[in-house]
Amino acid sequence: MSPPAPRLRRALPVLTTALAALLCALAPLPAAADAPATADGSADTAPADTAPAVGDGPADWTARPAGGGTDRDARPYVYLEGTPGTALQDRLAVTNPGRAPLTVRLRGDGRAGAWIGFAADTVTVPARTRAEVPLALTVPPDAVPGDASGEVVADDGDEEIRVPVRVRIGGPTLAALTVEDVEISGGTIRYALVNRGNAMLEPRLAVRADGMFGALLDRPERPLSLELAPGRRVERTEPWPDAPALDVVTVRLRVTAPGGARDEAEASATYIPVAPAVGGGLLVLGGLALLGFGAYRRRRTRRGDPEPPGAESAGDRQPTTETRPLVKAGPLVKAGAES
């Protein structure tokens with residue numbers, strides 16, 4: 001084999017150096033001798049296959065009603081039953097899966113939330129630990145029988161978690177629901193639902209619209225994705241994409257709820273196409289203007305034409321009597337009668 005060319009011999013050291021630098025860059029860095037310390041100053045004893053978090057954001061913590069070891073078995077909200085004046089108890093579970101202690105502040109919100117007291121308003125949960133906080137809900141002595149709702153709010157300073165609270169107050173209940181302020185705007189029907197009773201309601205809605213020549217819309221009763229607490233008012237809309245372009249419409253809404261709640265309301269609207277209406281109005285105004293201008297021209301023409309010679313109107317012709325001059329008769333003279 002012939003020796004390499006001089007140019008190739010000079011390039012071999014450069015290529016060897018570049019390849020060595022590339023291999024050093026791809027090699028993993030040596031592990032640190034000391035384990036990093038946690039927030040409380042103790043050494044981190046996490047398993048070796050658990051990589052430390054990079055750029056830790058808000059902790060992935062949870063707050064929910066206590067009870068049930070898995071997400072599938074967890075209660076969706078705190079539910080309590082009692083009569084006015086009684087104290088009801090439950091527990092809130094706060095889970096901290098992070099590597100540092102978690103401090104959360106607890107408070108109640110809403111009608112039923114104002115009745116809640118906690119064993120501690122501020123709770124510190126160690127790392128990888130779940131803490132259960134007792135809570136007590138005292139129903140006011142003058143509370144109206146029925147359903148009340150609220151929330152438990154857990155806040156760590158960066159984010160908050162709201163846990164629903166439902167309370168059933170013993171005594172006679174009244175289910176009352178009204179539909180109000182029905183309006184029609186183009187292809188949208190607007191209305192408001194108000195819970196006038198003392199029970200939690202799940203409304204159902206039916207919609208019907210009638211025009212001059214019959215029914216235009218007939219939607220059977222269907223449940224709304226809504227829980228209406230006592231005293232609550234909610235404004236909603238009902239889409240109507242195929243609303244008529246030209247018609248006089250009456251829309252009727254019927255709402256019902258378990259317990260015998262029922263109400264109806266209606267509203268009317270007139271649909272007129274904007275462009276044809278404006279164009280038709282302009283055409284009518286133009287026609288009226290042309291008719292008026294033509295009548296004006298004819299009137300001016302009749303007044304300005306000269307009258308033909310000798311033409312007199314019947315009113316200007318006066319009755320006349322022809323007069324002739326009188327001639328006096330002289331004495332008669334016979335010809336040739338001379339004396």
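Here the structure is a predicted model, which means the values were calculated and not measured.
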- Message: Let's go through V139 and T83 carefully: what are the C-alpha distance in whole Å and the side-chain angles of both, what is the deciding distance for side chain to side chain contact (heavy atoms under 4.5 Å, CB included) to 0.1 Å, and is it a yes or a no?
- Response: CA-CA 7 Å; V139 183; T83 58; over 6 Å; no
- Message: A side-chain contact here means heavy atoms from C-beta on lying under 4.5 Å apart; do D181 and R233 qualify?
- Response: yes
- Message: Using only atom types and a distance under 3.5 Å, with no angle test, would you say the side chain of N198 pairs donor to acceptor with the backbone of L174?
- Response: yes
- Query: What are the two closest non-hydrogen atoms of P101 and T124, and how far apart are they?
  - Reply: CB-CG2, 4.2 Å
- Query: For E238 and T188, does a side-chain donor sit closer than 3.5 Å to a side-chain acceptor?
  - Reply: no
- Query: Is L201 isolated, or which residues cluster with it under the ILVMFWY side-chain rule of less than 4.5 Å, directly or via members?
  - Reply: L177, V179, V182, I184, I189, Y191, L193, L205, V207, L216, L217, L224, L226, L228, V234, W240, V249, V251, L253, V255, Y271
Under 3.5 Å, side-chain donor or acceptor atoms of residues 164-172 against the rest of the protein: list the pairs with distances, not counting sequence neighbours.
{"residue": "R166", "atom": "NH2", "partner": "E227", "partner atom": "OE1", "Å": "3.3"}
{"residue": "R168", "atom": "NE", "partner": "D147", "partner atom": "OD1", "Å": "2.1"}
{"residue": "R168", "atom": "NH2", "partner": "D147", "partner atom": "OD1", "Å": "3.2"}
{"residue": "R168", "atom": "NH2", "partner": "D147", "partner atom": "OD2", "Å": "3.3"}

- Message: If I compare all heavy atoms of G259 with all of A175, which pair ends up nearest, and what's the gap?
- Response: O-CB, 3.9 Å
- Item | Side-chain heavy-atom pair P134, F118 within 4.5 angstrom cut-off | no
- Message: As a test of understanding, state which of I116, V153, V152 forms a side-chain contact (heavy atoms from CB on, under 4.5 Å) with R107.
- Response: V153
- Do V104 and T122 touch side chain to side chain, with heavy atoms closer than 4.5 Å? no
- Message: Using the rule given for salt bridge (Lys or Arg N to Asp or Glu O under 4.0 Å), can you reason through E266 versus R254, listing the C-alpha separation, both sets of side-chain angles and the distance that settles it, and then say yes or no?
- Response: CA-CA 9 Å; E266 66 179 37; R254 184 180 74 251; over 6 Å; no
- Would you please name every residue forming a side-chain hydrogen bond (donor to acceptor under 3.5 Å, both in side chains) with D121, sequence neighbours left out? none
- Task: Taking atom CD of E202 as the centre, report whether more than 12 heavy atoms of other residues, nucleotides or ligands fall under 6.0 Å from it.
- Result: no
- Are the side chain of T129 and the backbone N or O of A127 linked by a donor-acceptor pair below 3.5 Å? yes
- Task: Would you check if the side chain of D156 reaches a backbone N or O of E160 as a donor-acceptor pair within less than 3.5 Å?
- Result: no
- Task: Please tell me if the side chains of V123 and V94 come closer than 4.5 Å, counting only heavy atoms from C-beta onward.
- Result: no
- By side-chain hydrogen bond (donor to acceptor under 3.5 Å, both in side chains) - contacts of T62 (at least two apart): none
- Residues forming a side chain to side chain contact (heavy atoms under 4.5 Å, CB included) with T270, sequence neighbours excluded: V248, I272
- Listed by chain and number, what are the side chain to side chain contact (heavy atoms under 4.5 Å, CB included) partners of P140, not counting sequence neighbours? W115, D142, A143
- Task: Tell me, please, which residues at least two apart from D109 pass salt bridge (charged side-chain N to carboxylate O under 4.0 Å, His left out).
- Result: R162
- Message: Could you check whether any side-chain heavy atom of M200 comes within less than 4.5 Å of a side-chain heavy atom of S149, counting everything from C-beta outward?
- Response: yes
- Message: Tell me whether L88 shares a hydrophobic cluster with L106, the cluster being built from Ile, Leu, Val, Met, Phe, Trp, Tyr side chains joined at under 4.5 Å.
- Response: yes
- Euclidean distance, M212 CE relative to D247 CG, rounded to 0.5 Å: 4.5 Å
- Indicate yes or no: does E264 engage R262 in a salt bridge with an N to O separation below 4.0 Å. yes
- Message: Just to verify, what does R91 make a side chain to side chain contact (heavy atoms under 4.5 Å, CB included) with, not counting sequence neighbours?
- Response: A66, E132
- Query: P126 versus N96: any side-chain heavy-atom pair under 4.5 Å?
  - Reply: no
- Message: Could you work out, with side-chain hydrogen bond (donor to acceptor under 3.5 Å, both in side chains) as the rule, every residue matching T138, not counting sequence neighbours?
- Response: none
- Would you say the side chain of R99 lies within less than 4.5 Å of the side chain of R128, judging by non-hydrogen atoms? yes
- Task: Search all heavy atoms of L92 against all heavy atoms of P65 and return the closest pair with its distance.
- Result: CD1-N, 4.2 Å
- Message: To check you understand the geometry: which heavy-atom pair defines the closest contact between T173 and A199, and what is its length?
- Response: CB-CB, 4.5 Å
- With sequence neighbours excluded, what pairs up with R208 under the side-chain hydrogen bond (donor to acceptor under 3.5 Å, both in side chains) test? D210, D218
- Query: Is the number of heavy atoms from other residues, nucleotides or ligands within 6.0 Å of CZ (R219) greater than 12?
  - Reply: yes
- Message: So, using side chain to side chain contact (heavy atoms under 4.5 Å, CB included) as the criterion, who are the partners of R196 when residues are at least two apart?
- Response: A176, T178, E180, V194
- Task: Using the side chain to side chain contact (heavy atoms under 4.5 Å, CB included) rule, take W61 and T95 through it: C-alpha gap first, then chi angles, then the decisive distance, then the call.
- Result: CA-CA 6 Å; W61 56 281; T95 303; over 6 Å; no
